[in-house]
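For reference, the structure is listed below as structure tokens.
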Amino acid sequence: MKVMKFGGTSVGKPERMHQVAQLITKSNEPTIVVLSALSGTTNALVGIGESMAAGNREEAKQKIDTLEAHYKQFIPDLVKTTAAQTKAQQIVGEHFEFLNIILKISFSEALSKDILAQGELLSTKLFSVYLEEQGIAHSLLPALEFMSIDIHEEPQISSIRPKLNALLEQHKDKKLFITQGYICRNARGEVDNLKRGGSDYTASLVAAAAQASVCEIWTDIDGMHNNDPRVVKKTVAIEQLSFEEAAELAYFGAKILHPTCIWPAQQEKVPVKLLNTMQPEAAGTVITQEAGSVGVKAVAAKDGIISINIKSSRMLLAYGFLRKIFEVFEKYRTPIDMITTSEVAVSVTIDSGQHLKAIVKELEPFGAIEVETDLTIISVVGNEIAQTQDILSKLFDALTPVPVRMVSYGGSKHNVSILVPSSYKTQTLQLLNTGLFGLE
Ligand code: ASP
Ligand code: MG
């Protein structure tokens, strides 16, 4: 079994969908295809939910109509026969009728999730109509029947596998399966989702559950690059990454892959390939157990970081101090990204200010607290780079003009992270592109 996931731009136009159909029928291996919503749809659905939440039904209605018009235009270019067009129009009609009904109900969080789910339901159903028209045998596997999250919003691995396998068993005669990315059921049985960009996560979970031979993530760029192409002039695709390296990169800002997506595939040792729909022959990036080569592979940046510094002479020679500090973050379910300590101070960074006030209040009894916002973590990732002799000297030589706030080195063999004011992000990435990769 092989898993192939296509993102929003890969299904965003009728001709792109036609191309996806070609790509998924190339091999003889049984394949589960995971689709995102058409590009722009989830954003539009978020907008509809927002208008409704604000009580602005007229605006919501307008947004629904605009989106519906977009889908109606999509159909004649997607399928040609009258039968297929009628079927596709019917599908679009049903989903937009649902949105129009929702418009009349009083708004709730649960309802907003129902709205968000329409994108993936529409893309998979329309794609299925196209496959049918082309005479390509396949089955639609409803993600809402096997994908679920628990009360902590974590995927319920133990039930995903048997449910998916039972569905596959029911369609034993087929070799091609289409399912929705992103959407799932929560612990209350309601429609929910795996958060924005979560279709990658679906793909990885499905690949792990099906113990797939490979999990292919098809997007519109040719793999993970050594630096952010939006910031620096020249970047190159990385051939091979280990799961650890890929996780660090995805988490620290490489937009191509959703950061949570790595671990399910990693657990089952399913290789993940990042491929480009616009350039299907390009090698892309392969993520496996092995790193392939030693040395620095990429840098990535993560914005919106807040640092909290706790200074206290009571920390001197004390034990248990760090535990007490960590407990505060645990209580507010706020993950810490970076940490550095000296004998009388601890600095940590977090990427969400949601509970900042409460956290600071609870930390105050431990010492003097300083908070700094608008920071960026620049992460240098590569295999065994902590053992690479000259990495620190190269790094700091390159960064002479940058006021580095924190450095984290040694925690992982694959990562050195530095914290800089966000206003220095562009300059830092450019300096590292030259200093570490010899690129412009
Ligand atoms: N359609 C969802 C989003 O735009 C999920 C995904 O595409 O990964 O966030
Ligand atoms: Mg995506």
Side-chain angles (χ1 to χ4, degrees), residues 1-7 24 29-37 42 110 113-114 116-125 127-128 138-218 243 246-247 250-251 257-274 287-289:
M1 185 69 81
K2 143 179 186 184
V3 172
M4 299 174 84
K5 179 256 166 178
F6 294 88
I24 61 175
E29 196 174 352
T31 304
I32 303 177
V33 178
V34 177
L35 296 188
S36 288
T42 310
K113 305 282 177 64
D114 276 315
L116 291 177
Q118 302 310 305
E120 272 69 11
L121 291 170
L122 276 164
S123 65
T124 47
K125 286 187 192 177
F127 185 59
S128 170
H138 68 284
S139 290
L140 261 181
L141 303 180
L144 297 177
E145 286 181 24
F146 67 87
M147 194 55 73
S148 58
I149 50 175
D150 63 19
I151 47 167
H152 301 298
E153 305 194 330
E154 296 296 335
Q156 278 182 309
I157 304 283
S158 56
S159 82
I160 295 169
R161 175 170 293 167
K163 282 184 181 165
L164 176 64
N165 284 333
L167 276 175
L168 291 171
E169 189 67 22
Q170 279 173 30
H171 300 277
K172 254 212 269 200
D173 54 323
K174 300 278 168 30
K175 282 174 80 177
L176 184 62
F177 307 93
I178 315 296
T179 192
Q180 298 85 22
Y182 179 59
I183 63 173
C184 63
R185 285 197 188 274
N186 62 27
R188 291 181 296 278
E190 300 157 348
V191 172
D192 210 318
N193 59 65
L194 301 173
K195 309 257 162 64
R196 293 306 304 272
S199 292
D200 293 344
Y201 204 4
T202 302
S204 176
L205 287 162
V206 166
Q211 292 183 298
S213 62
V214 63
C215 176
E216 296 182 352
I217 308 279
W218 290 81
F243 284 114
Y251 181 70
L257 200 63
H258 192 275
T260 46
C261 137
I262 311 277
W263 68 265
Q266 179 175 18
Q267 242 174 14
E268 296 298 327
K269 300 190 176 66
V270 180
V272 176
K273 276 192 190 170
L274 308 178
I287 306 166
T288 55
Q289 290 292 101

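Keep in mind that this is a model prediction, so the values were computed, not measured.
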Review point. Is there a side-chain contact between Arg196 and Tyr182, using heavy atoms and a 4.5 Å cut-off?
Key: yes

Review point. Do Ser128 and His138 come within less than 4.5 Å of each other through their side chains, counting heavy atoms only?
Key: yes

Point to revise | For Lys269, all residues meeting salt bridge (charged side-chain N to carboxylate O under 4.0 Å, His left out), sequence neighbours excluded | key: none

Practice item. Inspect the surroundings of NZ in Lys273 and state if more than 12 heavy atoms from other residues, nucleotides or ligands are less than 6.0 Å away. Key: no

Which atom pairs, one a donor and one an acceptor, fall under 3.5 Å between side chains of residues 161-169 and the rest of the protein, sequence neighbours left out?
unit_1	atom_1	unit_2	atom_2	d
Arg161	NE	Ala209	O	3.1
Arg161	NH2	Ala208	O	2.9
Arg161	NH2	Glu268	OE2	3.3
Asn165	ND2	Arg161	O	3.3
Glu169	OE2	Lys172	NZ	2.9

Exercise for review: Supply the atom-to-atom distance Leu176 CG to His171 NE2, rounded to the nearest 0.5 angstrom.
Suggested key: 12.5 Å

Point to revise | Partners passing side chain to side chain donor-acceptor pair (under 3.5 Å) against Thr31 (at least two apart in sequence or in another chain) | key: none

Review point. Which heavy atom in Pro155 sits nearest to a heavy atom in Trp263, and how many Å separate them?
Key: CG-CZ2, 4.2 Å

Point to revise | Non-hydrogen atoms of Thr124 and Thr179 that approach each other most closely | key: CG2-O, 3.4 Å

Point to revise | Gly181 to Val34 - nearest heavy-atom pair and separation | key: CA-CG1, 3.5 Å

**Study point:** Least distance between heavy atoms, Val270 atom then Cys215 atom
**Key:** CG1-N, 3.8 Å

Point to revise | 4.5 Å side-chain heavy-atom contact, Met147 and Ile183 | key: no

Review point. Closest heavy-atom contact between Ala37 and Gly119?
Key: CB-C, 3.5 Å

Check your understanding: What heavy-atom pair brings Asp114 and Gln118 nearest, and what distance separates the two atoms?
Key -> O-NE2, 2.8 Å

Point to revise | Side-chain heavy-atom pair Leu205, Ile157 within 4.5 angstrom cut-off | key: yes

Revision key, fill the gap. When rounded to the nearest 0.5 Å, the distance separating NE2 of His152 from CG of Asn186 is 13.5 Å

Point to revise | Partners meeting side chain to side chain donor-acceptor pair (under 3.5 Å) with Thr202 (sequence neighbours left out) | key: none

Study note, to complete from the structure: Rounded to the nearest 0.5 angstrom, the NZ-CG distance for Lys195 and Leu116 is 12.0 Å

**Study point:** Partners passing salt bridge (charged side-chain N to carboxylate O under 4.0 Å, His left out) against Glu216 (at least two apart in sequence or in another chain)
**Key:** Lys2

**Study point:** Distance in Å, Asn193 CG paired with Ser199 OG, rounded so as to fall on 0.5 Å steps
**Key:** 9.5 Å

Review point. Does a side-chain heavy-atom distance below 4.5 Å link Ser123 with Gln180?
Key: no

Check your understanding: What's the spacing between Phe6 CZ and Ile217 CD1 if we round to 0.5 Å?
Key -> 10.0 Å

Check your understanding: What residues form a side chain to side chain donor-acceptor pair (under 3.5 Å) with Gln267, not counting sequence neighbours?
Key -> none

Review point. Would you say Phe127 and Ile24 make side-chain contact, with heavy atoms under 4.5 Å?
Key: yes

Point to revise | 4.5 Å side-chain heavy-atom contact, Arg185 and Val191 | key: yes

**Study point:** side chain to side chain contact (heavy atoms under 4.5 Å, CB included) between Glu120 and Ser36, worked out
**Key:** CA-CA 6 Å; Glu120 272 69 11; Ser36 288; 4.1 Å; yes

Revision key, fill the gap. Distance col, row Ser204:OG vs Ile287:CD1, nearest 0.5 angstrom, shows 9.5 Å

